[in-house]
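Down below is the structure, laid out as structure tokens.
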Amino acid sequence: MIWEIIISVLLVTGGFFGLVGSYGLVKLPDPMTRLHAPTKAATLGVGATLTASLIWFPTQGGQSTWHELLILLFLFMTAPITGAFIAKAHLHLGWDADELPRPEPDLHWATFAGPENESVLDRKTPDE
Amino acid sequence: MSPALIALLPFIGALLPGLLIRSGRDVAAISCGTATFIALLGLCLHIPAIMAGEVITARFEWLPSLGMNANFRIDGLGLLFGILILGIGLLIITYARYYLSRNDPVGLFYTYLMLFQGAMIGIVLSDNILLLLVFWELTSLSSFLLIGYWRHLPEGRQGARIALTVTALGGLAMIAGMLILGNIAGSYDISDILQAREAIQASPLYVPALVLILLGAFTKSAQFPFHFWLPHAMAAPTPVSAYLHSATMVKAGLFLLARLWPVLSGTPEWFYLVATTGLLTMVSAAWIAIFRDDLKSLLAFSTVSHLGLITMLLGFGTQGAAVAAMFHIVNHATFKAALFMTAGIIDHEAGTRSISRLGGLRRLMPITFTIGTLAALSMAGVPPLNGFLTKEMMLQETTEAVWFGNGTVLYVFGTLGALFSVCYSLRFVTQVFLGPERDDYPAHPHDPGFGLLVGPALLVVLVVLIGMFPNTSAAWLVAASSSAVTGVAQDPHFALWHGVNLALKLSLTAILGGLLLLALNPGMLAMRDAVWRPDGKRAFDAITRGATGVARGFTERFTNGSMSRALGALSMTIVATGLWAFSTGRYQGASRPMLEVGVVPLTGWILLMVATACMVAFHRLRILALVLVSIIGLIVSGTFIYLSAPDLALTQISVEVVTVVLLLLALNFLPKYTILDSADRKRGLDAFVATVTGLGFGALSYCIMRSDFAFPPISGYMLENSYKLGGGSNVVNVILVDFRGYDTFGEITVLGIAALTIFALTETLLAGASGRRLRNWVHDSLRAGDRHPMLLVVVTRLILPISLVVGLFIFLRGHNSPGGGFVAGLVVSIALVSQYMASGFSWAQERQSINYHAFIGAGVIAAGITGIGAWFAGLPFLTSTYGYVKLPGIEEFELASAMGFDLGVFLCVVGAVMLGLNSLTRIARQTGATVNLEPMDVDPSKEAEHR
Amino acid sequence: MEFLLSSAIGVLTAAGVYLVLRLRTFAVVLGTTMLSYAINVFLFSTGRLVVDAPPVLRYGAETYTDPLPQALVLTAIVISFGMTAVVVLMALGAFLEGGDDRVDMPRADRLPDHRAGDDGA
Amino acid sequence: MIGYALYFAFACFGLALLFCLFRVVFAPGLADRVLALDTMTINMIALLTLFGIDRGTTIYFEASLLFAMVGFISTVAFAKFVLRGDIIE
Amino acid sequence: MMRRLFPHPWLSVVLVLTWMLLVNRWAVGSLLFALIIGIVVPLMTAPYWPNATGYSRPGRIPAYLAIVIWDIVKANFSVARIVLFTPRSALRPAWITVPLELRRPEAITALAGTITLTPGTVSCDLSEDAHALLVHCLHAPDPDAVLDEIKTRYEARLKEIFE
Amino acid sequence: MNHLLIAPVVLPAVIGPLIIMWMRNDLLLQRVFSIVGTALLAVVGIYLNWIAASGEVFVYRLGNWAAPFGIVLVLDRLAAMMVLLTAVLALAVQLYAVGSGWDRKGWHFHALWQFQLMGICGAFLTGDAFNLFVFFEVLLIASYGLMIHGGGEMRLRAGVQYIAYNLAGSTLFLAGLGVLYSVTGTLNMADMAMRVAQMPAEDTALLRAGAVLTMLVFAIKAALVPLHFWLPSTYANAPGPVAALFAIMTKVGVYAIIRFYTLIFPQDAVTETLLGDLLLPAALLTLALGQVGILGTRHLGRLASYAAIGSIGTLVIAVAQYTPQATSAAIYYLIHSTLATGALFLVVDLIGARRGDLWLRLDRVMPGNGMIAALYFITAIALVGMPPFSGFVGKLLVLQATADVSWSVTIWSVILITSLIAIYGLSRAGSLVFWKCYEVEGPDRPEAPKDPAAPSGPIPPRLEPDEQIQDLGDAPANWLALTATGLLLAGIVAMTVLAGPAVRMAEATAQQLHDPAVYIGSVLQGQEGTK
Ligand code: NA
Ligand code: NA
């Protein structure tokens, strides 16, 4: 019974946060803020759901599984990377380097750095 | 000598000049002449037997089930034609030796000539109409080659094509006619057909067969309105004209009429078709001949005219006419060949064949003059030459025949033809030889050497001999041949003088009229030029040009390189035929209950619908389209899971990510947006096609899902025996690696080949124009910094070994749970790809000492070896066995030999995916990307060490 | 459920057909991808639909879905993957060589660029 | 009780998927769409887990694992494409 | 010997654990097999791990993880509140530059990950020289406080663990 | 069980990977290995024909599974003949590829060649409908690789179309198979035939739809109108020897039509005359379109392509009749047209290598004009069905077989009239290419040097890949290329001279096809020792 309650709570929590995460995706005003909603809300959403499953199988389902843990690990490991990459993509597409604080006066953020970061027009084309 | 051998000898002769192509004119002529002579000798040896009424046959089975056999026969008709073909052939071979220039490819000429000779002999000796057809068409082909022999002359090429096309037209019609004839007679052997007169003439197919066969005969014999090809064939070297277009080939049609005379003639259809055509041809061609300026052209039309005469005689269907026809064949061959050779000599010596540039050659070329005049007079029907004899016979026959109830029309026209004939014959004599000598011949005319003269001289001797002594010189041959034609023993007697009868009067009229006409000729020429007249060549050109134009338009229209049209046609064909097939059958109606729909499937459905619709709407934004593809793939995978197909879901989702990576790699070099370049109307039409196809497919699948199997599916057995006999509890996997392992074997081969193709293509691209273009590539978008972001490098570095473990797990448990070699391979590939994406290609590549070619090869071989392994147990390819391997203390595995197969799958998948991606990456590197030596762009820890 | 799935198949097919009828290679590739989704689901559905009865043998389980179409679809997925990879690369190659990504064959494939001596052979 | 909780969660994640789809379709830029795709994958994983509980079977877990892995790779690939054009360099 | 056999012992541990979680069977046989994997796979992937990995104080990892998990839960509630109830106009997003003391890539990655997973912050980018982290805050009326929390609550601990 | 039954698949399936693994960089070794492999295949083909001549149907049960459950290979007369035909054509054409130097214009020619053979032989031998799909895919993907061998814009563009169209075809194949499975519950062709025969009369709609969908797939492969669009550009742009090998590819489609039509959907099954009713008009249109195309095109490669389409038309006219006589005519014609089409593509390639391009327009006299003209002339005669070559025999057989059918007037008219168009078209093209050139240069111009140093033209320049293919440093072996072409023509001559035995064999084959009970019995009965 107690497990049932815990499981139920976890499921409801998971569902709730999953929904909120995606709702945030719709509701929040600009891309950078929208990035926050799913990277976190969804982690807990799916995290709670997986935890519910982790508990459900040994207690209610009569078999033990640990895969949920692995999935969770994987998700938590990768979520920051996807977050950072989407942010970088967004910075690249929608932001100017000057709109951001600089890391140091003469340095750029990695997205804005690099010798290749030139306009197509500037590029020398030797043969044409 | 066997008739077959006689027919074969010219072909053997044809090989010789080909083999001795460099040894000159003499060798070629002698070898061909020898072959011809032997054949002629062989033929003549049969004369006594044939005179005695025998028919010499030789039979070889060739294609008995079709009734096409190499059956030969020599009867009187064959003998007549055989002697003509081989005898004149011998003369032509001699003549050509001296006629052709040293620079001409003489070997080729003789080869063609002998091919033709063989074909002709084949026609006349065939005892099987299908065999006859073979030789018949061969004459068309070899004449094509001979007419076009001087390939630099446009007239030659055009003439050759016209001749080929017209005679091929007839030949094709004749194929049909002969097949019908044979089907009626129940045999294709001429001997049998000749016995089937009643059956043939009673058959409803008699008229079609007759028309088709006549089409063949008339085209070959240049009968009206197909006569126009013959003058254009005169572009051929003169020996060819003399041989093919006067003596032999054009007579093949006559031969055919004569050959089938016993079974086809005697009906009104025959009479009106054949006799009328003959008459028309005789008169019209003679009329045209009067005005020709080119000697050979004049002779050609005269030939057409005389062929018409013979045709008309055969068309009469009476025995007398048949005899006259046979006799005229002999006579015409002698004087016409002589005339052609004369024309050739004049051309050769005077440098022109144009009558308007000739005249007065009598003194310069006395021998030629004599020969030419005698032959021309014979052609004019002047006694006592042989032409006179048959002209009289012809006129006699026309007076006896009745045409649509009219007894005079035939002989009036017959006389008219004879009159024209006199006119052009005398024109040949007077305007070439007589008159004042000129000083503007293109060359210096004089009598040629013996080689060129011997042929025509011999022929003219015959002209005179037959004319004077017809009963001793030629009657036997005419008797033999006309007996063969009529099927009744003939014993004709010929005489120059029959008393003053209608024929003689007509003959006299013709001669006098001809003289008068000759006197009027210049005036008439002007008059004729002023009046429009049909021109066969121009009509032919117009028709062929039109046909070519239509064909081009048609071809351009129906295969215009439009993919969209092709696929649209495919879609509509599928829908139309599918619908037709379905609606003409019976559908039982929905028998299976529907599954309930929960909230999740409904959500999935909405997602899929919306995503698909968006995909179509936004497909021109390519990256968005790819995102949508990923979403659709995700939902499809979810669908598979929901509907009890975990293996499918695993495969689908992992394949899809690799596909997306691949598409992204390609998209880097492709435009990022699709230009809108189809018109609204086309898009509307496409949408219609798409909707109809979608509806059709949806409906089909609905019908299927709602109905039951008509028979228990074989998968029941698989479910039952998968564990028992296959040793695995994941039935899908057991099917893949065991029940249907052979499919999987093919499947991984496909994958391997795909990778090899990609690799090969990449190499080719980089080596060619694309490589240069890539080296000067300008990226079409602004590029961010941070090529190898540190965060990604660190995490993928951790993910790689974990993924390998997961891959191993999925591989090992595949036989019993969802998974298996394929998914495992993809998982490992994806992990490796993530390394590439994070740390850069060169760095990651350096760390794998893997040759993906070898992987693919090893994969296919491993799968193959697992299959072949069974051979050693005496079992078929891919027979698996299994057992549980329990290494003490270690994880217990079920080790099916099928797992070796699965290993092959794994290797192949990894090799193929990686080789494919490698290749794409190579294209990218061609654009001049720098190579990284470190896994990440900046490594702060290293930097600290340096400090 | 059957209706949902068959309508999905229909829509996927229609989308695929519409896209393969476009004039640029990338759209055609997308279209073939859609078609392969459609056909995979279609082929899968010929085993009829069953929820939660995967063809993995378990103790006590009575019903299994038809495993054979699944195996067939697996084969088909793999094959169409290989094909897609090749067509993508070939499209890329054609683009690099030809300079545009049209699907239709240019006129120069069927007609010579000049007509010198073309007629009247 | 678990049943109701389960249905609630099903509904939540189903709805969440629809939200994500909305964002895919109506988005100012590519980054948002990729983000929405990534979120969809995560929601799918949750749905799979719920389905597993609902049916009492663990057979679908590998799929979840793979979804996670694949979602990660495709998100990174898309982002890297936006950033660099070339995803393997 | 041990060094050669286990070039990355922590990785080996992770892999053994992964295998055990995968096979779902805590038997001795499985463990032995897991050990084999723990040896073989790191050896295979060693080329991808050019620099040695190690932890100076691995013992502090669990505590750190506990803090992070707790923060994640907290984060979710706060983000949920913001998503659901904070009106657009009241939202105060902000960029923060976090100068890093950490130098090891693994440590920086861990920090970035933590930041992303915890309250209202996402790590977006590193500086060119990887000496600073760009963080975006969903709602940060006081950015300095956030920076301070990151430095003390996470970076300091990670520095202990890694360096 | 006779393991040599599967040799035509396993042999190339082993040689291909071996080449990839160990001989990637050694062209000489590849050539030797690959040619020996193909020759072995021919030997196996002869053996298979020899055993199949007994009239027995041999079954190879893969994986030792009992018949409808596992995949079977089935060897009957037709399958054996097709395998041998493939091997013979492939061997000659491969010699040509080596002789003309085509095989070193890009990577993996020989490996792909072997895989191509594997796919084709697999398709001929299989007795399983889905396995047929798989081997179709094998042969298709190998053909993609071969088709674009050497690269170049047009070739790649045509390749894209070829693949896209065939992807649609493969999709359709799966759909057809799905429908058939959903009704019959089986994939084994013999089993399917049995079940189709027992199909209740009130439940035929799906089966009919399935039959038609499947047939459409084969029609695509055979390039029947209106599904022929892919062929002209593909074949015209493919490397010469590859196009020549592709002569057998359309025949795979025809083979499948024959197989399914006689075995699974005979006219006494629920499909009635459905298939014949569709095939005949399509075949007539195909013939017309192909022959008209010969006249309508301005490119020799496309001319050969249209000739290939035309020959398919004639062939399928016979197939559609569904009588043993017509089927035997079809089989004879199939062999003939494979050899003749293959030869024509080789001749066209010879011309292309010497002239630089294949447009039908005035050009200089090419080196070796006479020899190539002779080859062209013979091939063209054979193709249009003029005597004395096998085309004539084949045409007569087809005409004879269609003499008494309801459409006979139409069929005869189309065949004969289109023959005339083709004759005109081919003679026009031939005289333009081989004769008209002399008009420009005059008759007395000495012939150009015999052996062209390097045939340029549609062949791209040699490429320099990363891994260097061993440079043999030889000029293309012209004599080998000519000999290889001659070999195919020798085949045509043999088909003519030995028409009697050949037709007898075709008749026996047709008899076997029209009596499927033996086939079905061999597959489904007497399965001792299997699982
Ligand atoms: Na599997
Ligand atoms: Na955070």
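Below, chain A is the first sequence line, B the second, and so on; all start at residue 1. Heavy-atom basis, side chains included; hydrogens, waters and symmetry copies ignored.
- For chain C, the option among B:Ile748, B:Thr744, B:Asp708, B:Leu626 with the highest count of heavy-atom pairs below 4.5 Å is B:Asp708.
- If you measure heavy-atom distances from B:Arg622 to chain C, the contacts under 4.5 Å come from both the backbone and the side chain.
- Heavy atoms closer than 4.5 Å to chain B are found in the side chain of C:Phe44, but not in its backbone.
- No other option in B:Leu665, B:Leu628, B:Thr555, B:Asn560 has as many heavy-atom pairs under 4.5 Å with chain C as B:Asn560.
- Of all heavy-atom pairs spanning C:Leu57 and B:Gly728, the tightest one is CD1-O, 4.2 Å.
- Per-residue counts of heavy-atom pairs under 4.5 Å with chain B were compared for C:Tyr64, C:Phe42, C:Tyr37; the largest is that of C:Tyr37.
- Between chain B and the options C:Val86, C:Leu111, C:Ile9, the largest number of non-hydrogen pairs under 4.5 Å is found for C:Val86.
- Side-chain atoms of B:Leu602 and C:Leu4, non-hydrogen and from C-beta on, do get closer than 4.5 Å to each other.
- For B:Ser571, the part lying under 4.5 angstrom from a heavy atom of chain C is the side chain only.
- Chain B forms the most heavy-atom pairs under 4.5 Å with one residue out of C:Thr65, C:Val50, C:Leu72, and that residue is C:Val50.
- Only the side chain of B:Thr757 comes within less than 4.5 Å of a heavy atom in chain C; its backbone stays farther off.
- Looking at C:Val29, only its side chain comes within 4.5 Å of chain B, counting heavy atoms on both sides.
- A donor-acceptor distance shorter than 3.5 angstrom exists from the side chain of B:Arg706 to the backbone of B:Arg592, with no hydrogens or angles considered.
- Put simply, the side chain of C:Arg102 reaches to within 4.5 Å of the side chain of B:Asp677, judged on heavy atoms.
- From C:Asp100, atom CG reaches atom CG of C:Leu23 across 11.0 Å, with rounding to the nearest 0.5 Å.
- Contact of B:Arg545 with chain C is not made at all, since no heavy-atom distance falls under 4.5 Å.
- Interface check for chain B: of the options C:Ser45, C:Gly99, C:Ser80, the most heavy-atom pairs under 4.5 Å are formed by C:Ser45.
- Contact tally against chain C (heavy-atom pairs below 4.5 Å) for B:Ser770, B:Ala754, B:Gly698: the top residue is B:Ser770.
- Of all heavy-atom pairs between B:Gly819 and B:Asn733, the closest is O-ND2, 3.7 Å.
- Here the side chain of C:Glu97 pairs no donor or acceptor atom with the backbone of C:Leu92 at under 3.5 angstrom.
- With a threshold of 4.5 angstrom between heavy atoms, B:Asp541 does not approach chain C through any atom at all.
- In terms of modelled atom types and a separation under 3.5 Å, the side chain of C:Arg48 and the main chain of C:Thr46 share a donor-acceptor contact.
- Here the side chain of B:Asn816 pairs a donor or acceptor atom with the backbone of B:Ser729 at under 3.5 angstrom.
- Put simply, of B:Met718, B:Met615, B:Glu596, B:Arg740, the one with the most heavy-atom pairs under 4.5 Å next to chain C is B:Met615.
- Proximity to chain C (any heavy atom under 4.5 Å) is shown, for B:Phe688, by neither the backbone nor the side chain.
- Considering only residues two or more places apart in sequence or on other chains, C:Arg110 meets the salt bridge (charged side-chain N to carboxylate O under 4.0 Å, His left out) condition with B:Glu556.
- Only the side chain of C:Asp101 comes within less than 4.5 Å of a heavy atom of chain B; its backbone N, CA, C and O stay farther away.
- For B:Ile714, the part lying under 4.5 angstrom from a heavy atom of chain C is the side chain only.
- For chain C, the nearby part of B:Leu774 is the side chain; its heavy atoms alone come within less than 4.5 Å.
- Of the atoms belonging to B:Leu751, it is side-chain heavy atoms, and not backbone ones, that fall under 4.5 Å from chain C.
- Contact of B:Leu567 with chain C is made through backbone and side chain together, with heavy-atom distances under 4.5 Å.
- Summarising the geometry of B:Lys672 relative to B:Phe669, their closest heavy-atom pair is NZ-N, 4.5 Å, with the distance given to 0.1 Å.
- Taking chain B as the reference chain and counting heavy-atom pairs below 4.5 Å, the highest number among C:Val103, C:Val11, C:Asp109, C:Val28 is found for C:Val11.
- The shortest non-hydrogen separation linking B:Tyr642 to C:Val51 is O-CG1, 3.6 Å.
- Put simply, the side chain of C:Asp66 never gets that close to the backbone of C:Gly47: no donor and acceptor are under 3.5 Å apart.
- With chain B as the partner, the residue from C:Leu5, C:Thr75, C:Leu19 showing the most heavy-atom pairs under 4.5 Å is C:Thr75.
- Contacts of B:Val750 with chain C are made by side-chain atoms alone, with heavy-atom separations under 4.5 Å and no backbone atom involved.
- Residues C:Leu12 and B:Leu608 meet the side-chain proximity criterion, which asks for heavy atoms closer than 4.5 Å.
- Of the two parts of B:Thr639, only the side chain, counted from C-beta on, holds a non-hydrogen atom closer than 4.5 Å to a non-hydrogen atom of chain C.
- Proximity to chain B (any heavy atom under 4.5 Å) is restricted, for C:Met34, to the side chain, taken from C-beta onward.
- Residues B:Lys682 and C:Leu21 share a closest heavy-atom pair of NZ-O, 3.4 Å.
- Using a 4.5 Å cut-off between heavy atoms, B:Val913 contacts chain C through its side chain alone, with no backbone atom that close.
- For the side-chain contact (heavy atoms from CB on, under 4.5 Å) with C:Val17, the lone residue among B:Ile574, B:Val575, B:Asp686, B:Val689 that qualifies is B:Val689.
- Residue contact with chain C, scored on non-hydrogen atoms closer than 4.5 Å, is absent for B:Ile641.
- Within the structure, side chain to side chain donor-acceptor pair (under 3.5 Å) contacts touching residues 5-18 of chain C (residues at least two apart or in different chains) are B:Trp605-C:Ser7.
- Proximity to chain B (any heavy atom under 4.5 Å) is shown, for C:Arg58, by neither the backbone nor the side chain.
- Interface check for chain C: of the options B:Arg773, B:Arg620, B:Met563, the most heavy-atom pairs under 4.5 Å are formed by B:Arg773.
- Remark: the C:Arg22 side chain and the B:Ser678 side chain contain an N/O donor-acceptor pair separated by less than 3.5 Å.
- For chain C, the option among B:Ser707, B:Pro713, B:Cys703 with the highest count of heavy-atom pairs below 4.5 Å is B:Ser707.
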